[in-house]
There are 2 protein chains.
Amino acid sequence: MPPSKLKSNEAPVPPRRQQDADAKAGSGVPVKARPLTRIQREKQDIILEAALEVFSVHGFRGSTIDQIAEVAGMSKPNLLYYFPRKEEIHRRLMSELLVTWLAPLREMDAKGDPFPEIRSYIRRKLEMARDFPRESRLFANEMLQGAPRIIEMIEVDLKNLVDEKAQVLLGWMDEGKLARTDPYHLIFSIWATTQHYADFDVQVRAVLGPARGGEGRFEDAARYLEQLFLFGLTPRKQPGKPA
Amino acid sequence: MPPSKLKSNEAPVPPRRQQDADAKAGSGVPVKARPLTRIQREKQDIILEAALEVFSVHGFRGSTIDQIAEVAGMSKPNLLYYFPRKEEIHRRLMSELLVTWLAPLREMDAKGDPFPEIRSYIRRKLEMARDFPRESRLFANEMLQGAPRIIEMIEVDLKNLVDEKAQVLLGWMDEGKLARTDPYHLIFSIWATTQHYADFDVQVRAVLGPARGGEGRFEDAARYLEQLFLFGLTPRKQPGKPA
DNA sequence: CTAACATTTTTCCAACTGGTCAAAATTCTT
DNA sequence: AAGAATTTTGACCAGTTGGAAAAATGTTAG
């Protein structure tokens with residue numbers, strides 16, 4: 001008996017459509033894409049917010065429409081009126097996420113100096129971990145599962161951006177302004193260290209305890225990471241300690 | 001309508017027991033804990049292996065007994081004969097995991113010198129990410145969910161170990177052998193950077209592409225992390241480049 | 001060999017799941 | 001205010017899921 005790979009039973013081909021929701025092909029009708037009512041916009045936002053709450057904790061398979069509907073404060077059929085299927089909600093969430101998620105890296109400017117640029121990149125990522133932990137976990141959840149629903153975005157958009165920024169880093173290294181090292185792993189290490197504070201929040205809090213695990217932990221983290229990325233752990237002369 | 005916190009519907013109080021599996025209280029019977037047959041040991045191992053495969057990808061809620069049974073090559077009722085409920089399998093997996101998971105940190109020796117010790121700690125963690133990625137993801141999955149099933153272990157065993165090792169690091173700092181910095185965040189950064197290669201493996205591969213995303217990526221990571229933790233990103237004189 | 005025990009299979013079930021549908025209620029437009 | 005369009009509800013369904021019970025089939029010590 002061969003181990004047999006996990007079957008990916010998730011999407012048995014959607015059979016019908018609910019009503020409109022997106023363009024219908026085949027007819028000469030000029031695709032009357034109605035502009036979304038106020039209620040539609042509001043409710044969709046409420047649903048996406050609720051879905052973020054649920055998906056970010058339990059992942060796609062582990063979350064149910066009922067759970068999302070309950071958090072959103074509406075009935076399941078009502079929710080399904082706005083998003084005809086579960087996948088749709090998740091897809092929307094993920095594509096919106098990726099844009100905001102990569103924004104900090106986009107801002108890293110080749111024309112700036114490496115240390116201010118890297119330093120503020122780290123700060124921005126850390127702020128995102130602090131202010132949008134659910135988004136971070138949603139992303140992490142998807143990664144853990146092998147990114148089945150966003151793999152192309154990763155392979156195209158994200159890869160291109162990283163390639164571009166790796167070139168920027170290499171440029172700085174050529175100018176002697178930055179230690180010569182692997183730019184890709186450099187970026188990975190910034191992602192890892194900052195997102196850790198969102199994704200492993202429970203662990204961080206548990207280890208730091210109530211005294212140091214409060215909001216101050218992000219400031220401590222920022223200070224520590226700044227030092228790590230600047231000088232590493234090698235001890236240096238204390239500038240303000242002549243004695 | 002209050003947002004209403006996610007209900008934790010996971011364990012409606014187990015009603016009955018299957019047959020033995022653990023001690024029965026109340027009777028004067030001397031708790032005949034049978035010593036586990038050969039088949040029992042073998043099958044349990046097969047099940048745990050299969051469960052690791054499944055849980056590490058989909059998390060607890062997202063995984064089904066059927067999936068695990070299929071991977072394990074047995075029927076669901078048969079599987080339930082060995083582990084009377086899903087939670088049991090997960091619990092076993094987690095408690096075994098935590099021991100091996102913390103082993104590398106345990107080995108960090110106060111009597112050694114900081115750089116060799118930290119360096120080999122990083123190496124060991126990186127090897128674990130390479131050789132036991134499923135375990136890493138299982139752990140990450142549990143963390144993302146708020147560690148509901150292992151929070152006490154985190155708050156006690158893990159915290160104690162980290163506290164102890166933080167003292168070791170502080171000692172080294174006092175001796176001037178290690179840059180003075182936050183020992184807790186130092187440990188976090190090692191966890192984050194190393195586990196990243198297991199938990200975000202898809203992303204790492206996608207970004208590095210087929211050329212650099214092969215097995216060599218772990219060696220590249222090791223080299224990069226070594227430099228990062230030793231010297232950071234500040235450029236230094238090239239030792240072997242006098243020109 | 002066979003009774004006692006261990007293992008496996010078959011059948012079954014109630015709750016949960018993603019999703020449909022028609023009717024009722026509400027909101028918007030004129 | 002009325003008609004049209006939108007939104008919400010309630011009833012329902014087929015497939016899945018965790019698990020129980022019991023019968024059928026091995027295995028093994030005496």
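Here is how names work: the chains are called A, B, and so on, in the same order as the sequence lines, proteins then strands, and each is numbered from 1.
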Side chains of Asp220(A) and Tyr184(B), donor plus acceptor under 3.5 Å = no
Does Ser75(A) put a side-chain nitrogen or oxygen below 4.0 Å from OP1 or OP2 of dT9(D)?
-> yes
Could you give the CG-to-C1' distance, from Leu80(A) to dT9(D), as a whole number of Å?
-> 13 Å
Has Asn78(A) got a side-chain N or O lying under 4.0 Å from the OP1 or OP2 atom of dT9(D)?
-> yes
Can you figure out which of dG18(D), dT9(C), dT17(C) approaches the side chain of Asp66(A) most closely?
-> dT17(C)
Which nucleotide, dA20(D), dG18(D), dT7(D), lies nearest any side-chain atom of Lys86(B)?
-> dG18(D)
Before accepting this row, confirm whether a basic side-chain N of the pair Arg92(A)/Glu96(A) lies closer than 4.0 Å to the acidic partner's carboxylate O.
-> yes
For Lys43(B) and for Lys76(B), find the nucleotide of DNA chain C with the closest heavy atom, then tell me which residue's nucleotide is more 5'.
-> Lys43(B)
Would you indicate, yes or no, if dT17(C) has its OP1 or OP2 atom less than 4.0 angstrom from a side-chain nitrogen or oxygen of Arg61(A)?
-> no
Between P of dT16(D) and NE2 of His58(B), the distance in whole Å | 15 Å
To the nearest angstrom, the NE2-P distance between His90(A) and dG19(C) comes to 14 Å
Is it true that Asp201(B) and Arg205(B) have a side-chain N and a carboxylate O under 4.0 angstrom from each other?
-> yes
Over how many whole Å does the gap from Tyr81(A) atom OH to dT27(C) atom P extend?
-> 13 Å
Is it possible for you to check whether Arg217(B) lies under 6.0 Å from the centre of the six-membered ring of Tyr197(B), through NZ or CZ, and within 45° of that ring's axis?
-> no
Selection from dT9(D), dT20(C), dA21(D) that lies nearest to any side-chain heavy atom of Arg85(A) | dT20(C)
Just how far, in rounded Å, is P of dT8(C) from CG of Leu79(B)?
-> 11 Å
What is the distance from CZ of Arg41(A) to P of dT7(D), rounded to the nearest Å?
-> 11 Å
Whole-Å distance between dT8(C) P and Ile46(B) CD1?
-> 9 Å
To the nearest angstrom, the CD-P distance between Gln67(B) and dT17(D) comes to 7 Å
